[in-house]
Every structure is written in structure tokens, then in C-alpha cells.
K.L.:
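Take this structure first; my questions come after.
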Protein chains: 2
Amino acid sequence: MSKRKENSSNSINRDYIIECDLTYAICLVGGRWKLLILCRLEEGAMRFSELRRSIPNITERMLTLQLKELERDGLVRRTVYAEVPPRVEYELAHVAKELIPVWKQLSDWGQRHRNCRMQAVKAS
Amino acid sequence: MSKRKENSSNSINRDYIIECDLTYAICLVGGRWKLLILCRLEEGAMRFSELRRSIPNITERMLTLQLKELERDGLVRRTVYAEVPPRVEYELAHVAKELIPVWKQLSDWGQRHRNCRMQAVKAS
DNA sequence: CTCATTACTTACAAATTTGTTAGTACCATA
DNA sequence: TATGGTACTAACAAATTTGTAAGTAATGAG
């Protein structure tokens, strides 16, 4: 999401894709780490380092990038406390909270789907 | 989704990501075109060429790729009719139909979010 | 015999996303 | 003075996704 080439077919298609409310929504929470981050914030605000520790595989760079995008897109609120060592907290914005029931359902569906698949594999 | 390098951190992280039911679900329908395709199939089966025409910007290659993945993941059923010229129809599998209400909600959320954003921009 | 249609496939290239490594500034503590 | 914690940033490289352009096989119509 850094530098994008304008007028590449690729970016033209991205623009086309987000005309649809559904794919627009998916773009906001898509990417490898975003929903994982959002889930962590469900219980309340967390510091950068807490998030980092709670998602072992993510790198600092990726966490920073994704948090920045989430903030830019209004899904996450960032609060800096003027302390030393620095303290920065992230929490779900209102719109993101509205999404919680939806991602619960998606998660349930994912679980069911996974089970179906496993059955299918067993049967073959 | 073609050749992947095993043991790259990238693919290790993908495996990690799909341990969570939610991100697993998102992976199944993620990618630029999948949900757009699934939406088209909501009303019933469609031929390859119909799909292609109904999504003007997609290339044949992308459509083929995404349909293959959707089929592999059990979201779409593919039926070949032994005719000439060939006729191949795609339709939502049962699991995918279960997802319809969820993507409706996501779509509604997307619309609301988009409106909020526009207001925010106007206000600034 | 030539052309058109359908549903693809292939080889390649461009663009984007993700990961690696090292570095920053601030201050507290040992 | 050296080290450690916090929340990052920057330069670079690797991996993956997406797009381009051309080609395939079967057959029917003209």
C-alpha cells in the first residue's frame, strides 16, 4: 500500500473493485494481518508491544504498516501518551466495533467449512 | 496461488494465519475477484462466458484461476456439458450459500463505512 | 476451406505485498 | 558508561499476485 503505480491495469482494477460495497469492505480488512489485529483489540485498547507479543509471527514493520492503514481507514484509534518510554495505545473505532458480529459469523462459517473439508478428505 | 515456495517465511506465515477460523475464512474468499464472482452466482448457475461478460475488467486468465480455486475449496460447483461449442456452468455450492447473509452484512457495513468517510472528508 | 465460438492453457512480465536487517530517539536503571 | 525498553522508520530483497499476449481443440456455419 506504499507507492502504487497510477494507471497500471492493476490499480485501475483495484479502483473498479472497490466500487462494490462488499469488495470495498473486504479491502479494508483484507491483507494478511488486519483481522488478526482487530480481533486482538476486541477486548479493549492495547499497546504496540502487547499486540506484537500477542501475534508472534508478525514483524514490527508489518504491524506498523497494518496499524497505519487501519488508522487511516478509520477502523482503529491511536493514542499517544507523553511518557518515557513511549506508550501508544490502539483501540477499535466505532465502525470497527460494528463489524464484530460479522466477523464472528465469518469465523463460525470458517470453522464449519474446515470441518466439511476434513470430512471430504477423510471420505476419499 | 500457483507455485509457492515452501518454507519461505511468507508461506510459514500463511499457514499460521489460517489456523484462525476467521482469517482462514477470509483467505477462501479473499483475492481481488472472488467475492465479485460469488455475488454473480447468487441468482443461479452461469457459464464461463456469462461470468466473463458480467465482470468487464476481469481477464480470462484471472477468471479461470479464481474459479479453479473456488472449486478446489468447495465453494463453487462446476458442471461440464458435453456439447460443442463447450458449455461449462458454475454455481454456488451449499457452503457458499451459507455465506450469502454474511456478505450482505459486510456489504451493508461497507456502505455505511463509505458514507462515514465521505462525511469525515467533507467536514475537514 | 476459412472463420467463429467456447472454455480454457501457457509463457512471460509487471505490480504489489510481505519479510529482513539495521537503525533512530528518548530516558531509566545497573 | 553500557544496556535495555518502547515505538517506530528506512533501505532493500524475496515472494506472491495480477495482467498481457498468444495459442489450443473441437465443431458447425458459410
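Residue numbers begin at 1 in each chain, while the letters A, B, ... track the order of the sequences.
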K.L.:
In chain order, what residues pass the side chain to side chain donor-acceptor pair (under 3.5 Å) check against A:Arg87, with sequence neighbours excluded?
P.N.:
A:Glu83, A:Glu89
K.L.:
Who passes side chain to side chain donor-acceptor pair (under 3.5 Å) against A:Gln66, sequence neighbours left out?
P.N.:
none
K.L.:
Nearest-Å distance, CD1 (B:Ile17) to P (D:dT16)?
P.N.:
14 Å
K.L.:
Which whole-number value in Å describes the distance from A:Asp15 CG to D:dT18 C1'?
P.N.:
15 Å
K.L.:
To the nearest Å, how far apart are A:Ile12 CD1 and C:dT16 C1'?
P.N.:
15 Å
K.L.:
Among the candidates C:dT16, C:dG19, D:dT16, find the nucleotide nearest to the side-chain atoms of A:Trp33.
P.N.:
C:dG19
K.L.:
Taking only N and O in the side chain of A:Asn13, is any of them less than 4.0 Å away from OP1 or OP2 of D:dG19?
P.N.:
yes
K.L.:
Just to confirm, is there a sub-4.0 Å distance from OP1 or OP2 of D:dT20 to any side-chain nitrogen or oxygen of A:Ser9?
P.N.:
yes
K.L.:
Within this structure, what is the CG-to-C1' distance between A:Leu65 and C:dT18, rounded to whole angstrom?
P.N.:
9 Å
K.L.:
Over how many whole Å does the gap from A:Leu63 atom CG to C:dG19 atom C1' extend?
P.N.:
14 Å
K.L.:
For residues A:Glu60 and A:Phe48, report the shortest heavy-atom separation together with the two atoms involved.
P.N.:
O-CZ, 4.0 Å
K.L.:
Sequence neighbours excluded, which residues qualify as side-chain contact (heavy atoms from CB on, under 4.5 Å) partners of A:Val84?
P.N.:
none
K.L.:
Only counting residues at least two apart or in another chain, list the ones meeting salt bridge (charged side-chain N to carboxylate O under 4.0 Å, His left out) with B:Glu50.
P.N.:
none
K.L.:
I'd like to check the side chain to side chain donor-acceptor pair (under 3.5 Å) partners of A:Asn57; sequence neighbours left out, ordered by chain and number.
P.N.:
B:Asn13
K.L.:
Distances under 3.5 Å only, N/O to N/O: pair up the protein atoms with those of nucleotides 1-3 of chain C.
P.N.:
none

K.L.:
Are any of B:Gln66's side-chain N or O atoms less than 4.0 Å away from OP1 or OP2 of D:dT18?
P.N.:
yes
K.L.:
Once you round it to whole Å, what is the distance between C1' of C:dC8 and OH of B:Tyr81?
P.N.:
18 Å
K.L.:
Does a side-chain N or O from B:Ser8 land closer than 4.0 Å to OP1 or OP2 of D:dT16, or not?
P.N.:
yes
K.L.:
B:Lys104: what forms a salt bridge (charged side-chain N to carboxylate O under 4.0 Å, His left out) with it, not counting sequence neighbours?
P.N.:
B:Glu42
K.L.:
So what stems show up for DNA chain D if we need 3 or more Watson-Crick or G-U pairs in a row, all under 3.5 Å?
P.N.:
C:1-30 with D:1-30
K.L.:
I want to check one thing: is the phosphate of C:dT18, taken as OP1 and OP2, less than 4.0 Å away from some side-chain N or O of B:Arg14?
P.N.:
no
K.L.:
Residues two or more places apart in sequence or in another chain: which of them pass side-chain contact (heavy atoms from CB on, under 4.5 Å) with A:Arg61?
P.N.:
A:Thr59, A:Leu65
K.L.:
I need the minimum non-hydrogen distance between B:Leu35 and B:Trp103, along with the two atoms involved.
P.N.:
CD2-CE3, 3.9 Å
K.L.:
Once you round it to whole Å, what is the distance between P of C:dT5 and CD of B:Glu83?
P.N.:
17 Å
K.L.:
List in chain and number order the residues that pass side-chain contact (heavy atoms from CB on, under 4.5 Å) with B:Glu91, two or more places apart in sequence or in another chain; answer none if no residue qualifies.
P.N.:
B:Ala45, B:Arg77, B:Thr79
K.L.:
Taking the side chain as every heavy atom from C-beta outward, state whether B:Cys20 and A:Leu36 have any atom pair closer than 4.5 Å.
P.N.:
yes
K.L.:
Measure CD/B:Glu69 against C1'/C:dC8 and give the value in whole Å, please.
P.N.:
16 Å
K.L.:
Which residues satisfy the ring-ring contact (aromatic ring centres under 6.0 Å, His included) test with B:Tyr24, sequence neighbours excluded?
P.N.:
A:His113
K.L.:
Could you encode protein contacts along nucleotides 1-10 of chain D as a string, one character per nucleotide from 5' to 3', using B for base contact, S for sugar-phosphate-only contact and - for no contact, with a heavy-atom cut-off of under 4.0 Å?
P.N.:
----BBSBBB
